[in-house]
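Here's the structure, in structure tokens; my notes come after.
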Amino acid sequence: MLGLGGMMPLPQRWLSAMLLRSGSDVVLVDCGEGTQISWRYSGWGFRPVNAILITHFHADHVGGIAGVLFMIAHSGRTEPLVILGPKGTYQVVQALTVVVPGLPFQVQIVELEGGDSYTLPGGLEIKTLEGDHRVPCLCYTFSVSRSPRFEPEKARALDIPLTSWSKLQAGETVDIDGRRFTPDQVLGPPRRGLKVGYITDTRPTPAMPDFVRDADLLVCEGTYGDPELRERALKRGHMVFDQAASIARDADARRLILTHFSPSMMEPEQYLHFAQEIFPASELGEQHRTITLAFDDQDDKRDSISD
Ligand SMILES: [Zn+2]
Ligand SMILES: [Zn+2]
């Protein structure tokens, strides 16, 4: 998490943004003013980023794009970078990048609608859902699929030569001496992958739990903590903590991280219990904290705060 604030950056609180890495894919989600400074504090490099995702075009989510592209250029990146966002992203990015001409890498712009999917070069799969804000807004999920386990004892029992194992493991069918073998003969049951949801600047909608169903981690806005501010939140296209927690609960998510705090809420910890009463695994976001998610049978779940 690079920041946790909504509306304006504060001296101790950067605007909400997240960096996410999966294999060779590194994604920045949202890019308000000052994101490049918080990014530097985080210790994550600029060069590997290959995608910037925008939820919507309010300044607290896009105002830092020029500065971030400038930093990525200075990091030595020459490989292309994709910027994804709702309809209108092309125009907004064109306007914002007038002040950073001559970038040494190609910027590809992709406009998405709710329900679209996009796969990054490293295999990270992105899906979108329309939010309900005062302007068009997209929620995102990031998924890593996992192939079934290869079961050598099955391959041995079928007398499949070792040289064909990798093909079967990769999902290919092989023919050996007139015999045909298919991957399902040597692979185990399907395995759960990993999923992260990112929902901000939106009222809760009935489609959200299904969209982030079974997420390992849901990052969701809680612009206000006090449930008494529910009306204000709805009017401004936001949520209070317990509404975010209800989405996490209804989605059977494993963990919820709250973000996008209003500048009027200086002590969000006062209100965390409202979320935890509904979804116990609710936490407040922490700036520059890195969370590592592992597949279910890999015991290396690690958390760290790198600042
Ligand atoms: Zn915002
Ligand atoms: Zn907004």
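Residue numbers run from 1 in the order of the sequence given. Numbering of ligands and ligand atoms starts at 1, following listing order.
Tested against Asp216 for a salt bridge (Lys or Arg N to Asp or Glu O under 4.0 Å), the candidates Arg255, Lys195, Arg192 yield a single pass: Arg192.
The closest side-chain donor-acceptor pair between His288 and Ser42, if any, does not fall under 3.5 angstrom.
Classification of the His61-His56 ring pair by plane angle, with boundaries at 30° and 60°, yields tilted.
Protein N/O/S atoms closer than 2.8 Å to the Zn ion (ligand 2), listed by chain and residue number, are His56 NE2, His58 ND1, His133 NE2, Asp201 OD2.
If you look at His260 and ask which of its N, O or S atoms sits nearest the Zn ion (ligand 1), the answer is NE2.
Stacking of Arg230 on the aromatic ring of Tyr224 is not recorded, the 6.0 Å distance cut-off and the 45° axial limit not both being met. Geometrically, Arg191 does not engage Phe295 in a cation-pi contact defined by less than 6.0 Å to the ring centre and at most 45° from the axis.
Looking only at distances, a side-chain donor or acceptor of Asp60 sits under 3.5 Å from a matching main-chain atom of Met7.
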